[in-house]
Structures are given as C-alpha cells and as structure tokens.
Number of protein chains: 2
Amino acid sequence: MKGIRQLAEQLNISIGTVSRALNGKPDVNEETRRRVLAAAEELGYVANQSGRSLRQGETKVIGLMIESSKETVENADNFFLGVTSGLQSVFARHKLDLLMLPCPSDEDPHEYLKRMVARRIVDAMIISDTQRVDRRIDFLSRAKIPFVALGRSLSASNFPWIDLDFEGVADHAVERLITLGHRRIAITAPSSEANLGYLFIDSYRRALERHDIPFDPSLVIRVRSSEQGGYQAAHELLLLEERPTAVILIYELMAIGLYRRLTESGVMPGRDLAVIGFRDAPRARFLQPSLSCFRISLYDLGVALGRMLLATMPAYRDFYPGGERNIIWPLELMPGESDAFRVGVMG
Amino acid sequence: MKGIRQLAEQLNISIGTVSRALNGKPDVNEETRRRVLAAAEELGYVANQSGRSLRQGETKVIGLMIESSKETVENADNFFLGVTSGLQSVFARHKLDLLMLPCPSDEDPHEYLKRMVARRIVDAMIISDTQRVDRRIDFLSRAKIPFVALGRSLSASNFPWIDLDFEGVADHAVERLITLGHRRIAITAPSSEANLGYLFIDSYRRALERHDIPFDPSLVIRVRSSEQGGYQAAHELLLLEERPTAVILIYELMAIGLYRRLTESGVMPGRDLAVIGFRDAPRARFLQPSLSCFRISLYDLGVALGRMLLATMPAYRDFYPGGERNIIWPLELMPGESDAFRVGVMG
DNA sequence: CATACAGTCGTAAACGTTTACGGAGTGCGT
DNA sequence: ACGCACTCCGTAAACGTTTACGACTGTATG
C-alpha cells in the first residue's frame, strides 16, 4: 500500500531489484521476478504514476481534448466515444492510457491546452474542432509536443492531421443531386469559425460551377448543427422566394428538426425536397423517410489517428513506419429514401 | 522551461520562496511575489504536476469514468458532456480539473478503475452506469477513495450517489396513461445488468397493480436503448396478439426507430399508440409527432454531483456542509403530441 | 538592554520511482 | 592461481515540487 518500498521489504529485496523485476528488465533472476510479480499481485501494488512520471519525464497518457461548447453538446453523438475505441485499441498495445480532457466552455481552448500541457499531465495530444486559424496548433508545434489534429487548419504549414472528406462529400452530393435533375440545391454550414464549414461550402460551390450552375449565397444556410438547427434551416428554406428542390445537411441529426418543420408546412421530405446528410450514423436509417447519408467508420478513424500520433512520437515511431502525415478520411454514401426521386423531367 | 529552479535562478531567489510566492503562502513579501508572478507569466511557467503530486500526495484531478460499451456508444447523446459542464463549474472554484476516463470496452471496468486509482492519476472519482452489484463501489469504499456514483446499486450499504428518479418517471407515466384511458401499457428496459432497468420495471409494476392492472411480463420489452432498439421494440410490440395501446420508452431516441417501424406497419404513433419517453432532450420535441418526454437538467445534475463529491473530501468538506448523501433526481414532464389522445371511451 | 515577535527568506528533506554504476558471486579457461 | 565474462543485485542519485525548520533582520515590549 505504501509503495515499492513496502513490497521490497516484504520480499527482503532492494527496491531497485523490485522495480527492475516489475518493468521486465533483463538483469533479474527469473525466480526473483516470479516472486516479485506474485507479491505485487497479492498486495495489489501498482506503481505511483507521479513518481514514475517525475523520474522518466513521461506520463504514458495521451490526451484527447474535446470542447464542451454549446454546439458540441447539442449535436453530441457517439462521435468521440466511437473514435475513442479505435484509439484505445492502438494505445493498449503500448500500455498507454487515453484520457479525455473536456475544455470548460468558459475557458479559452488555447489557454486550457497550455495549462494541461504545462502541467505535464499528458505526453501527447489529440485535438479536435480545429478552427480556421488555431493557435493551439502553433503552440503545440513550437513546444514540440507530439500531437495530431482531427481537422485541417490554415495554421502552421505542416502538421499531422486527419480530416473528414468534406470536399468529397459536398462534391458527391451535388453530383448526385444534379444527376437526379436538381438545379437549385441548398446547403447548411455551421455558424462557427470551425474550418470544416469553409471546406464544405467551397467544394459545394466548385461542384456547382462545374455544371454551370451559379453559386447563390442565399442557399447557404448557417445554423447550428443540431435538431434545432435543422428546424431552423427548414424554416429559412421555406422563406426563400424560389424554393430549392434539394438540401445537403452537414450533420445528420439535423434531419429530425428539418423533417419536422417541413411537415408542418405540408412539404414532404423525400418527395417535395431531397435531403442528403453527413456524418456517421446508421441511425439515419431509422428516420422516415430514411436519410441518404455519408457514413464514417469511427473505429477505423480512431485507429488511424492513434497510429499517426504514435508515428510522431520518438519512443514509438519505429512501430509505425511509413505512415502518411495527412489523411483525408473517405466517407461512404449509404443511399436512403430521402433523395430517391427525380425532378424537373419536363425540363 | 526547466522548472522552478530556472525561475528562481533568473530572479536570484531561492526556489522555496518562488514556490511560496506562486502558491499564495503568506510569508513572502508582496513585492517579491509580484516579481515572481510576473516572471512566471512571462516564461509561461506552470508547475509540473508530477512533482507537485508526488510531494503533496494529491493530484487536483477528479476522474469521471465512462464506459464505452457498445450500448453507451450507440445511445450516446449529450449526456456526459452536459453533466461535465455542471461538474466543471463547481470544480473550477477549487482549481480542480476534471478528466474523463473512458474504460476500454474490452477491459473489465473494475480492473480499469483499480488501475487508474492505484496509479494515483486522480484524487476522486465519479462513476456512472452502476450495475446491480458493482464491485467498484466496494473497492472505492474500502480503499477510502472519495467518490460519488451516478446511479444506485445494491452494493455496499451507505455510499454517496445521485440517481435519476426512474421510479417517479415510471409511476408518473403509468398514471398519466391510465388517466388517458389506457389499460394495456408496454415498457422498454435495457437488456444489460444496469441497475436502472430493475428500478424502472419495479416501479412500473407497482403503479399498475395500484390500479388493479395485472403485470404482464410479455409487455416488458428488453432491447438496446438506441434507435435500433426502438425499431426492434416496435417490431416486438406488433407481434403481440393483444396489442398494447401505449408504450413507455426508457430512452428518448428510441422513438426514432419506434416511429419508423410503426409507420411501416401503418400504425400511427400518437394516434394508434401512445408513446412516452425518458431522459433529457429538447430534441424529443422535434420528432413528429413530438415526444412526450421526461426531461433532465444535465447542468444542474452535474453541479449536484460535484458538490456531493467535494463534500466527501476532507480538503473541501467545509465548503459544502449539510448536503445530503443521496439524491433522487427529479425529472420534469414535457408534454408532447405522442400521447395526446384518449382511448377506450367505449369502456 | 534583554527579550519577544513579526516579517521574510534560504536550506534541506521528503514524496515514489527508475536507472547508471559497481560489487559480489559463480563458472570457466588458461 | 589468476583473469575474465556473466549473472544478479544493492546503492544512491535524480526527477520537480512543497514545506518544516531555522536564520536573519527590524521593531516593539518588558
């Protein structure tokens, strides 16, 4: 209970030997090691992390920073937990633990990060919700703290990140809708400074222009990515004088609110308005009509994130050679009923 | 960068004084303190947590253990993040940090907890998803680690917990439905060993019997608490020879799947079948028909949890006197359209 | 003038580990 | 007998803090 010293005393061995035995060092008799391990097991001894960290300058802990902003809380889904499983499956192999660091909503994420890093609670970080310019990235780069970002950013020139393929999704969605005869296609984007919104809209615009459809800013609806935001989005769509025939949602669960608002006005999703969603979720399939949705494999994403992070850490680099430093994570379209109709056949 | 020693050197002061200055100890000249604080700010010095923890035997970190079981991931909503905000608002006052400890799905929660506690990563714990008998509770009690459980348990006799008022909800829901004329009322429960399921069903049964309605086990549907589970639940309901006229859901988002499956068979929720949900979420309001739902104030719940936890910790006890050791957390009914009809008028 | 006391600061020990170093013992070849 | 290599283990320093203790002023008190 009192530490390695007690353990050593009980065994009549020096603490040095006990430590070596527990840590699998070679210069210890196998018989002694057996005894040490047995005693440790019996007494429930586990090394005090503070002492260990202090000595070796590392904590064996990886931090996953998440923001509990209002928006994140509102649209919170299984996203982080899903990614977490994948991450842990990688970290477990190296006896690394994953801790989630929730940044309080009233604290600046950058300050929070600095605090956590300075306190040496973690060896490395995974940050998410990257902003267009994100000081955290500059800070981590300069401080030489290993990290991976979930999301691109304009900050710093060359840092490891994985990002969802927003461009591919917007592109694919637009192409699909145009093929189905749509010409007037709306799209939703977050109202925040999150980088993903910009990428999403840019790609949407390029896809349209490729088909000689002029970009109409009034078709870009900036709302929160939640049920409530979906409701609001539908509301704004209905106010447009020339109503679009399709809408691309940046977050799947917005469909719930969207459906609701549409039905209130007698507009039927999947017949009067095509809807395509985005981000994870077999859950989209349970909507009525079921949502056409681009799906993410969260577990695999977590694995990729974990590997990329370890590849940047000297101690583990050798285990993950030749990995890429940046990945655009592909999404897979799961066709549903929400956009399964053709429009404008009369030309 | 190198620690308190550098800081002291630069200021030509001993490290002891620097430490005292930074920690607000009284026996240091105000002028010196000013200089120290300024230098610390400039150099971005923050005390190394390992050194500090080692010395004082505490980490200033509270752990919130969450399980990333398949079920939790599936029905993950804003629950933990919502609670987190409330917790942090309390902890911030004492300069405590909250870390989330996600137990890997392939590790025994009890072992995981033991590991984390033994490593001294946290000073205190908040555990959730308590099982009917939960070894974690015995362990924490015996090891004298301060903790609060989110959820009752049969383990140990007297430990601090807050639990949602499942009994009140089941009771209230049954009463309401009976008033509306229902006699055949189904209910869903999780298939796991989680304690909440038992409480939920027990209370449901008692409420029924109070009205001389016999308890029919076939009306208890054990499915996962997710959209998919809702779909499955509806499926099973439809298979019953004598179909119930109402159903009580243990988790709100199940309604999505439930609605879906019902509509597939031409049964209209809110007209042919009354539905009442449970747990948080204004989101229930965006369903169609909107879900009658018992709502939780997650933030307030977090605050209560935080206070109860600190009240058990000697260092903070004095700030939170006279608090209760157990709380049954009330829920508020938000009436919707999903059960707004009367049945069996013909008697 | 001796003493007490408050205010300020430096010294050094302690927290629980890990690990470089060296020593004791053994076996083996010369 | 001697040297050498090898195995195993003990010793002690180091990691970065906090804090009990005492030292040193200056001032008030007897």
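Hydrogens, waters and symmetry mates play no part in the numbers below; they use all other heavy atoms, side chains included. Here is the naming used below: chain letters follow the sequence lines, and residue numbers restart at 1 for every chain. Here the structure is a predicted model, which is why all the values come from computation and not from measurement.
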Winner on side-chain proximity to Leu54(B), out of dT8(C), dG10(C), dG16(D), is dG16(D)
Starting from P on dA20(D), measure out to CG on Asp27(B) and report it in whole angstrom.
10 Å
When you measure from the side-chain N and O atoms of Arg52(A) to the phosphate of dT18(C), is any distance below 4.0 Å, counting only OP1 and OP2?
yes
Just say parallel, tilted or perpendicular for the rings of Phe319(B) and His94(B), cut-offs at 30° and 60°.
perpendicular
Please determine whether a side-chain nitrogen or oxygen atom of Lys25(A) lies at a distance below 4.0 Å from atom OP1 or OP2 of dT18(C).
no
Would you mind reading off the distance between Gln56(B) atom CD and dA13(C) atom C1', rounded to a whole angstrom?
16 Å
Donor-acceptor pair, side chain of Arg35(A) and main chain of Leu11(A), under 3.5 angstrom:
yes
Could you give the CG-to-P distance, from Asn23(B) to dT18(D), as a whole number of Å?
4 Å
When you measure from the side chain of Val28(A), which nucleotide among dT17(C), dG16(C), dC9(D) comes out closest?
dC9(D)
Starting at atom CD1 of Ile15(B), determine the distance to atom P of dT18(D), rounded to an integer number of angstrom.
9 Å
Is a side-chain donor or acceptor of Arg325(A) paired with a backbone partner of Asn158(A) at a separation under 3.5 angstrom?
yes
Counting only side-chain nitrogens and oxygens, does Ser50(B) get under 4.0 Å of the OP1 or OP2 atom of dG16(D)?
no
Measure the distance from CZ on Arg120(A) to C1' on dT17(D) and round it to the nearest whole Å.
13 Å
Tell me the interatomic distance from Leu22(B), atom CG, to dC9(C), atom P, rounded to whole angstroms.
13 Å
Compare side-chain N and O positions of Tyr45(B) against OP1 and OP2 of dG16(D) and report whether any pair is under 4.0 Å apart.
no
How many whole angstroms separate atom CD1 of Ile4(B) from atom P of dC15(D)?
15 Å
Whole-Å distance, Arg20(B) CZ to dT17(D) P, equals 15 Å
Under 4.0 Å between a side-chain N or O of Ser14(A) and OP1 or OP2 of dC9(D)?
no
Is a donor-acceptor pair below 3.5 Å formed from side chain Arg55(B) to base dT17(D), judging by atom type as modelled?
no
Side chain Gln88(B), main chain Pro102(A), donor-acceptor under 3.5 Å:
yes
By nearest-heavy-atom nucleotide on DNA chain C, the more 5' of Thr32(B) and Gly51(B) is Thr32(B)
Please answer whether the main-chain N or O of Leu309(B) pairs with a side-chain N or O of Tyr320(B) as donor and acceptor at a distance below 3.5 Å.
no
Taking only the side-chain nitrogens and oxygens of Ser19(A), find out if one of them lies under 4.0 Å from OP1 or OP2 of dT18(C).
yes
